[in-house]
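Model, not experiment: these values are computed from the prediction. Along the sequence shown, residues are numbered consecutively beginning with 1.
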Amino acid sequence: MINFLRNLSDSAVSGLRILGDILRRLWNFSHRRRPRFSALTIRILVINVGALLIPLFGFLWVDQYRQSLIDVEISSLESEGKIIAVALGTAVAQDQNGNEFLRPNQTNFLVQLLTKETSTRVRVFQPNSAIIADSRELKSPGGPIFVEELPVRPPPIKPTFDVPDDVSWWSFLGRSQRKLPLYSEALTQKADHYSEVSGAFYGDVGHSVRITKNSHLILSVGIPVQRYRQVVGALMLSKVTREIDEEVQNIRKVILQIFLVALTITIVLSLYLSGTIAYPIRRLAQAADQVRLGNAEEVEIPDFTHRRDEIGDLSLALREMTATLLARMTAIERFGADVSHEIKNPLTSVRSALETLELIKDPEKQKKLIAIMNQDVQRLDRLITDISDASRLDAELSRAGKEVVNVHEFLNALIETQELISHENSVGFALSLPEHDLLWVQGIEGRLGQVFRNLIGNALSFSPPHSTISLIAERRSGFVEIQVCDQGPGIPEDKFDKIFNRFFTDRPEPESFGNNSGLGLSISKQIVEAHGGTIKATNLYSPEGDILGACFIIRLPSL
């Protein structure tokens with residue numbers, strides 16, 4: 001067991017040396033070729049190859065299989081030796097003093113007979129340590145002839161890979177791992193030359209494993225030869241186990257071949273996997289960098305949506321993000337231009353009034369000019385307020401948390417508030433809600449209230465006295481549809497979409513000039529779309545085709 005653990009430790013050290021060398025060379029290679037292989041490619045290779053190296057450590061535990069083969073051979077030798085020992089009991093004789101001993105001639109004859117068809121070498125020793133029989137010794141007229149097989153030189157193994165000088169593949173295969181006692185045979189053999197034979201004279205069955213100069217294992221077993229429990233000699237059986245070494249080496253070679261094939265396939269598949277992941281990501285990252293540097297209009301994000309995987313999702317998300325970014329940049333540019341134009345008009349009016357005021361001496365005309373300037377200042381204040389609200393709307397909608405809104409309670413509270421505010425206009429409100437279907441939406445209640453206040457305020461400005469503003473809510477195809485309708489002059493059909501543009505107004509009455517910034521409907525549309533809904537404008541018609549009023553239809557996803 002101690003020898004086995006020592007062998008296992010030596011094998012582990014050799015394996016770790018080679019593994020460290022492989023990882024070191026892979027690391028150096030990756031740093032030299034960094035422009036060609038990305039860090040992700042190296043990580044994929046290291047992880048896959050590292051996982052593949054785990055079965056390679058089976059090399060280190062093949063010695064356990066080798067030890068099991070040795071144990072089987074030793075057990076076989078013990079069984080064979082016990083049979084021979086029993087047979088040698090028939091060669092026991094007594095001297096004049098009654099002491100029992102083995103007859104040399106008969107013992108030698110039995111040994112030759114019993115080992116004729118085996119490759120096992122059998123030697124018999126007397127208690128005085130002298131050898132009296134050896135299965136490899138044949139009698140001839142000229143004297144004894146010893147039969148021994150000539151050593152077979154193993155074929156040289158050519159190294160296939162470049163490895164460090166202090167570690168060879170042959171040592172990794174286990175040749176130099178065995179630190180076993182060297183087998184040596186004296187010209188005149190004695191029992192005390194072999195520990196297992198010495199122990200057999202005390203009635204013990206022992207065994208030993210030695211190695212020859214040719215790196216062949218020799219297994220030997222010492223068995224006592226007894227007659228009525230009296231030890232009359234010691235039997236030594238030995239066997240050269242070239243088959244065990246060959247079997248172990250064959251297994252190691254097969255494992256190595258399988259590992260090399262699997263390593264090649266793993267590297268090829270890892271490079272392919274890296275190419276399908278790292279290369280598209282690198283292209284997407286380069287395109288994103290170009291967009292970051294301000295070339296968004298000239299850069300086309302690579303389209304990998306055909307892949308239908310995470311890379312395709314990332315490509316789609318980046319393309320949509322770039323398109324949204326370009327749309328917002330364009331919208332900001334247009335918004336800035338519109339703001340500049342809308343602010344310039346009242347400022348020009350104020351400047352003209354001031355210049356005229358200095359030239360006019362009539363107090364009545366001066367009052368009219370002052371009233372015009374006051375109206376323009378109010379218009380500027382309203383414009384700045386609405387512009388400020390519109391400019392921070394995107395950020396607020398993206399940061400604010402949405403909550404569940406009960407449409408029934410929301411509209412009832414809204415109508416009650418509007419009735420208190422607009423009772424002087426003699427305009428009534430009619431609310432229609434489904435009786436047995438509670439309507440729920442998810443959104444920002446304050447911003448949704450702003451939408452409906454804008455629509456109701458817009459309807460009040462166009463509604464004639466003693467008319468009614470209707471609010472109708474119902475569920476349709478997974479949406480909550482809310483209609484805000486008035487009984488005013490309606491909307492020109494060619495302006496259904498234009499009224500949602502920034503700073504667009506269509507109020508022909510002179511008294512309404514400057515009272516609206518033209519941002520209310522644009523802000524309302526922005527809020528509704530941020531909630532995943534839609535808003536559109538239409539007219540109510542009589543059966544005869546006459547316009548009965550304007551109607552705004554809002555659709556929000558229902559819960």
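For the atom pair L455 CG and L521 CG, the distance stands at 6.5 Å (nearest 0.5 Å). Interatomic distance, CG of L556 versus CG of L448, reported as 6.0 Å (0.5 Å rounding). Remark: Q418 CD to L460 CG distance equals 6.5 Å, nearest 0.5 Å. Here the straight-line distance linking atom CD of E445 with atom CD of E409 works out to 9.0 Å at 0.5 Å rounding. From I47, atom CD1 reaches atom OG1 of T266 across 13.0 Å, with rounding to the nearest 0.5 Å. Taking CD1 of I469 as the start and SG of C485 as the end, the distance is 10.0 Å to the nearest 0.5 Å.
Annotation: side chain of I472 is not in contact with side chain of I482 (no heavy-atom distance under 4.5 Å). Counting heavy atoms from C-beta outward, V404 and L559 have side chains that approach closer than 4.5 Å. Side chains of T241 and H216 form no contact here, defined as non-hydrogen atoms less than 4.5 Å apart. Q487 places a side-chain heavy atom less than 4.5 Å from the side chain of T468. The closest side-chain heavy-atom distance from F552 to N458 is below 4.5 Å. Using a 4.5 Å cut-off on side-chain heavy atoms (C-beta onward), L180 and L217 make contact. Residues R319 and D303 form a side-chain contact, since some pair of their non-hydrogen atoms from C-beta on lies under 4.5 Å apart. With contacts defined as side-chain heavy-atom distances shorter than 4.5 Å, the pair Y541/D546 does not qualify.
Between the side chains of D486 and S463, no donor-acceptor pair of N or O atoms lies under 3.5 Å. Side-chain contact, N412 with E416: no donor N or O sits under 3.5 Å from an acceptor N or O. Using a 3.5 Å distance cut-off with no hydrogens or angles, the side chains of E481 and Q483 do pair a donor with an acceptor. Between R283 and Q286, the side chains place no donor N or O within less than 3.5 Å of an acceptor N or O (distance only, hydrogens not considered).
The shortest non-hydrogen separation linking S315 to P302 is OG-O, 2.6 Å. Here the shortest heavy-atom pairing between A287 and I301 reads CB-CD1, 3.6 Å. Contact record, F479 with R555: CD1-NH2, 3.5 Å, taken as the closest heavy-atom pair. The two residues A473 and V407 come nearest to each other via the heavy atoms CB-CG1, 4.4 Å. Between V441 and S558, the shortest heavy-atom contact is CG1-CA, 4.5 Å. Across all their heavy atoms, H531 and G443 have their closest contact at CD2-CA, 3.2 Å.
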ask   = Stepwise, does the side-chain contact (heavy atoms from CB on, under 4.5 Å) test hold for L439 with L411?
value = CA-CA 11 Å; L439 303 178; L411 293 180; over 6 Å; no
request  = Report the C-alpha distance between I554 and F452 in whole Å, list the side-chain angles of each, state the deciding distance to 0.1 Å, and finish with yes or no for side-chain contact (heavy atoms from CB on, under 4.5 Å).
outcome  = CA-CA 10 Å; I554 299 173; F452 288 99; 3.8 Å; yes
inquiry  = Could you walk me through whether Q450 and R447 satisfy the side chain to side chain donor-acceptor pair (under 3.5 Å) test, starting with their C-alpha distance in whole Å, then the side-chain angles of each, then the deciding distance to 0.1 Å, before giving a yes or no?
reply    = CA-CA 5 Å; Q450 180 181 358; R447 287 299 181 179; 2.4 Å; yes
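Evaluated for a side-chain contact (heavy atoms from CB on, under 4.5 Å) with F304, the options L314, L284, D309 yield exactly one hit, L284.
Proximity of a side-chain donor or acceptor of H408 to a complementary backbone N or O of D437 within less than 3.5 Å is detected.
Under the ring pair (Phe, Tyr, Trp, His ring centres under 6.0 Å) criterion, F500 pairs with no residue at all, not counting sequence neighbours.
Under the 4.0 Å criterion applied to side-chain N and carboxylate O atoms, R476 and E474 are assigned as salt-bridge partners.
For D497, the CG atom sits in a loose shell: 12 or fewer heavy atoms of surrounding residues, nucleotides or ligands are nearer than 6.0 Å. Taking a 6.0 Å sphere around OH of Y279, one finds it holds 12 or fewer heavy atoms contributed by other residues, nucleotides or ligands. The environment of CD in E403 is crowded: more than 12 heavy-atom neighbours from other residues, nucleotides or ligands sit within 6.0 Å. More than 12 non-hydrogen atoms from other residues, nucleotides or ligands lie less than 6.0 angstrom from NZ of K402.
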